[in-house]
Amino acid sequence: MLAERFRRIRGLAWRVMDGIFENMWDYKFVPVEIISRDSNVEEHKVEKVLKSLSDEKLIELKQTEYLGGAFTFLGLSLYSLNRFVRKNIVTMLGKKMGEGKESMIYNCISKWGEAVIKFHKVGYPSFKKVREKRDYGDLHYTVLMVRSAKNEFNALKKLYGKVSVPKPYGWEGNAVLMELIDAKELYKVRLENPKDVFDYIIEEVREMWKLGIVHGDLSQFNILVNPEGIWFIDFPQAIDLNEVETDEELRMAEDILKRDVTNLVNYFNKTYRLNVDADRVIEEILH
Ligand SMILES: Nc1ncnc2c1ncn2[C@@H]1O[C@H](COP(=O)(O)OP(=O)(O)O)[C@@H](O)[C@H]1O
Ligand SMILES: [Mg+2]
């Protein structure tokens with residue numbers, strides 16, 4: 001369905017979307033005049049394209065003193081896919097692997113072979129006390145999707161090679177392209193050696209902490225398992241300790257780490273009747 005919609009979009013429409021993408025950090029709804037200036041498409045044509053993209057639910061229009069356009073989730077996702085396609089990074093879109101509240105995941109063929117493309121659907125508030133100035137401004141929600149994708153890509157890049165995560169291939173708009181892992185979520189699997197797996201997971205979480213990353217949404221839903229190993233996925237909420245500036249922020253990061261670890265301990269204790277003490281594990285990680 002996504003591939004079909006992708007094929008129907010014409011060159012002029014991609015240029016208009018370029019104009020929106022370039023300016024979405026500065027305008028909640030990008031004025032026709034700005035789109036026209038940056039895409040080099042005459043204003044009356046921009047308007048026509050915008051209206052047709054709005055009929056297709058790819059663009060949201062707003063008429064105030066001027067007519068402005070913003071992406072919808074679907075529009076931004078198709079546009080991000082196009083950025084991969086025109087760079088010859090993605091060559092074919094495959095089947096939808098899943099869609100939840102927070103993302104839409106597709107199989108695809110990339111420069112590196114079979115891969116996964118994750119379209120981010122949500123944004124998270126910045127965890128920092130002193131938030132980005134832009135957080136206070138009137139941003140369109142699709143900008144936050146882009147920020148989520150960027151955050152996930154950055155965390156994967158920092159971790160890959162040192163911690164077991166999918167290899168990150170690229171980031172465009174709200175889309176992250178990464179290695180396809182042929183494994184199941186931890187909660188779907190009945191482990192034979194739960195204590196070994198748990199210990200290994202904690203070792204990896206400790207390694208992440210040493211590398212300056214806190215996952216932020218760790219649970220049995222965001223760990224993939226197969227007989228060869230385990231992989232951590234789903235990093236849009238990851239915290240980079242290098243960006244932490246104050247003691248208070250460091251304490252907040254530690255609290256999020258504690259929440260992550262507690263989720264895992266509770267899951268293993270309940271599912272496999274382990275008798276692990278969360279506080280002890282947290283101490284081990286922090287020291
Ligand atoms: N690299 C990957 N390889 C294989 N499957 C993946 C990969 N990334 C995500 N998935 C699948 O898609 C689902 C959702 O991805 P996830 O990153 O957890 O996003 P969400 O925020 O929607 O939970 C995962 O539970 C997993 O089944
Ligand atoms: Mg998930």
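Heavy-atom basis, side chains included; hydrogens, waters and symmetry copies ignored.
Here the straight-line distance linking atom CZ of F221 with atom CG of N263 works out to 9.5 Å at 0.5 Å rounding. Atom CD of E254 sits about 10.0 Å away from atom CD1 of I282, to the nearest 0.5 Å. Distance CZ/R5 to CG/L2: 8.5 Å, rounded to 0.5 Å. The CG atom of L211 lies 10.0 Å from the CG atom of L241; values are rounded to the nearest 0.5 Å. Interatomic distance, CG of L53 versus OH of Y79, reported as 12.5 Å (0.5 Å rounding). Atom CZ of F198 is separated from atom CG of L186 by 11.0 Å, given to the nearest 0.5 angstrom.
Proximity of a side-chain donor or acceptor of E249 to a complementary backbone N or O of E245 within less than 3.5 Å is detected. No donor-acceptor pair under 3.5 Å is formed between the side chain of S103 and the backbone N or O of I105. In terms of modelled atom types and a separation under 3.5 Å, the side chain of E179 and the main chain of K167 share a donor-acceptor contact. At distances below 3.5 Å, at least one donor-acceptor pair connects side-chain atoms of R206 with backbone N or O atoms of H287. Between the D18 side chain and the S39 main chain, no donor and acceptor come within less than 3.5 Å of each other. In this structure a side-chain-to-backbone donor-acceptor pair under 3.5 Å is present from K121 to G100. Here the side chain of E204 pairs a donor or acceptor atom with the backbone of S164 at under 3.5 angstrom. A donor-acceptor pair under 3.5 Å links the side-chain atoms of N23 to the main chain of G19, judged by distance alone. Under a 3.5 Å cut-off, the side chain of T72 and the backbone N or O of K57 do form a donor-acceptor pair. Between the D260 side chain and the V214 main chain, no donor and acceptor come within less than 3.5 Å of each other.
Counting heavy atoms from C-beta on, the side chains of K96 and N107 never come closer than 4.5 Å. In this structure, L177 and W112 have side chains that are in contact, with non-hydrogen atoms separated by less than 4.5 Å. Proximity of I34 to E22: side-chain heavy atoms (C-beta onward) are nowhere separated by under 4.5 Å. Residues L144 and V122 have side chains not in contact (no heavy-atom distance under 4.5 Å, counting atoms from C-beta outward). The closest side-chain heavy-atom distance from T246 to R251 is not below 4.5 Å. Side chains of Y27 and M24 form no contact here, defined as non-hydrogen atoms less than 4.5 Å apart. Side-chain contact between V41 and V49 is absent, with no heavy atoms from C-beta onward closer than 4.5 Å. The shortest distance between side-chain heavy atoms of P236 and H120 falls below 4.5 Å.
Between R273 and N269, the side chains place no donor N or O within less than 3.5 Å of an acceptor N or O (distance only, hydrogens not considered). E60 and H140 form a side-chain donor-acceptor contact under 3.5 Å, judged by distance and modelled atom types alone. In summary, the side chains of N174 and S77 do present a donor paired with an acceptor at a separation below 3.5 Å, with no hydrogens or angles considered.
The aromatic rings of F119 and Y106 sit perpendicular to each other, their planes meeting at more than 60°, with 30° as the lower class boundary. Using bins of under 30°, 30° to 60° and over 60° for the plane-to-plane angle, the ring pair W14/F6 lands in the tilted bin.
Considering K158, E207, K210, E203 in turn, E207 is the only one that fulfils the side chain to side chain contact (heavy atoms under 4.5 Å, CB included) rule with V163. Paired with L156 under the rule side chain to side chain contact (heavy atoms under 4.5 Å, CB included), one option of Y169, F235, F232, W171 passes, and it is F235. Screening V197, I233, L264 for a side chain to side chain contact (heavy atoms under 4.5 Å, CB included) involving I223 leaves a single residue, L264.
Annotation for G69 and I59: closest pair CA-CG2, 4.2 Å, computed over non-hydrogen atoms. What you find for V32 and E43 is that their closest heavy atoms are CG1-O, 3.8 Å. Smallest separation of non-hydrogen atoms from L218 and H215: N-ND1, 3.3 Å. Across every non-hydrogen atom of G216 and I256, the tightest pair is CA-CG2, 3.6 Å. When all heavy atoms are compared, the tightest approach of L81 to I117 is CD1-CD1, 4.1 Å. Heavy atoms only, all atoms of each residue included: S80 and A175 are closest at CB-CB, 3.9 Å.
Clustering ILVMFWY residues whenever any of their side-chain heavy atoms sit less than 4.5 angstrom apart, transitively, puts M17 in a cluster other than the one holding F29. Criterion: ILVMFWY side-chain heavy atoms under 4.5 Å apart, direct or through other members. Under it, L191 and Y200 are part of a common hydrophobic cluster.
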request  = List the steps, then state whether side-chain hydrogen bond (donor to acceptor under 3.5 Å, both in side chains) holds for N151 with Y124.
outcome  = CA-CA 10 Å; N151 204 45; Y124 301 93; over 6 Å; no
Evaluation steps, side chain to side chain contact (heavy atoms under 4.5 Å, CB included), between Y66 and E33 = CA-CA 9 Å; Y66 57 82; E33 190 192 333; over 6 Å; no
request  = Kindly determine whether K51 and L61 satisfy side chain to side chain contact (heavy atoms under 4.5 Å, CB included), including the steps that lead there.
outcome  = CA-CA 8 Å; K51 290 203 167 113; L61 291 180; 4.2 Å; yes
task = Could you walk me through whether K195 and L274 pass side chain to side chain contact (heavy atoms under 4.5 Å, CB included), step by step?
result = CA-CA 7 Å; K195 185 64 167 77; L274 300 190; 4.1 Å; yes
inquiry  = Does R190 form a side chain to side chain contact (heavy atoms under 4.5 Å, CB included) with T271? I'd like the steps, not just the answer.
reply    = CA-CA 9 Å; R190 186 77 203 170; T271 312; 3.9 Å; yes
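Applying the salt bridge (charged side-chain N to carboxylate O under 4.0 Å, His left out) test to residues at least two apart or on different chains, the pairs with a partner in residues 71-84 are R83-E172.
By the 6.0 Å contact criterion, CG on D182 is open, its count of non-hydrogen atoms from other residues, nucleotides or ligands being 12 or less. Enclosure of atom CD in E192 is not indicated, since only 12 or fewer non-hydrogen atoms of other residues, nucleotides or ligands lie within 6.0 angstrom. Taking a 6.0 Å sphere around CG of N275, one finds it holds 12 or fewer heavy atoms contributed by other residues, nucleotides or ligands. Around atom CG of N242, more than 12 heavy atoms belonging to other residues, nucleotides or ligands sit under 6.0 Å away.
Listed by chain and number, the hydrophobic cluster partners of I109 are M92, where partners are ILVMFWY side chains within reach of under 4.5 Å, directly or through others.
Taking a cutoff of 4.0 Å between a charged side-chain nitrogen and a carboxylate oxygen, R15 and D38 do not qualify as a salt bridge. Under 4.0 Å is where a charged nitrogen must lie from a carboxylate oxygen, and between K45 and E42 at least one such pair does. Ion pairing of E283 with R280 is absent here, as no side-chain N (NZ or NE/NH1/NH2) approaches a carboxylate O to less than 4.0 Å. Between K118 and D234 there is a salt bridge, since at least one side-chain N of the basic residue sits less than 4.0 Å from a carboxylate O of the acidic one. Between R259 and D255 there is no salt bridge, since none of the side-chain N atoms of the basic residue sits less than 4.0 Å from a carboxylate O of the acidic one.
With sequence neighbours excluded, the residues forming a ring-ring contact (aromatic ring centres under 6.0 Å, His included) with Y272 are F268, listed by chain and number.
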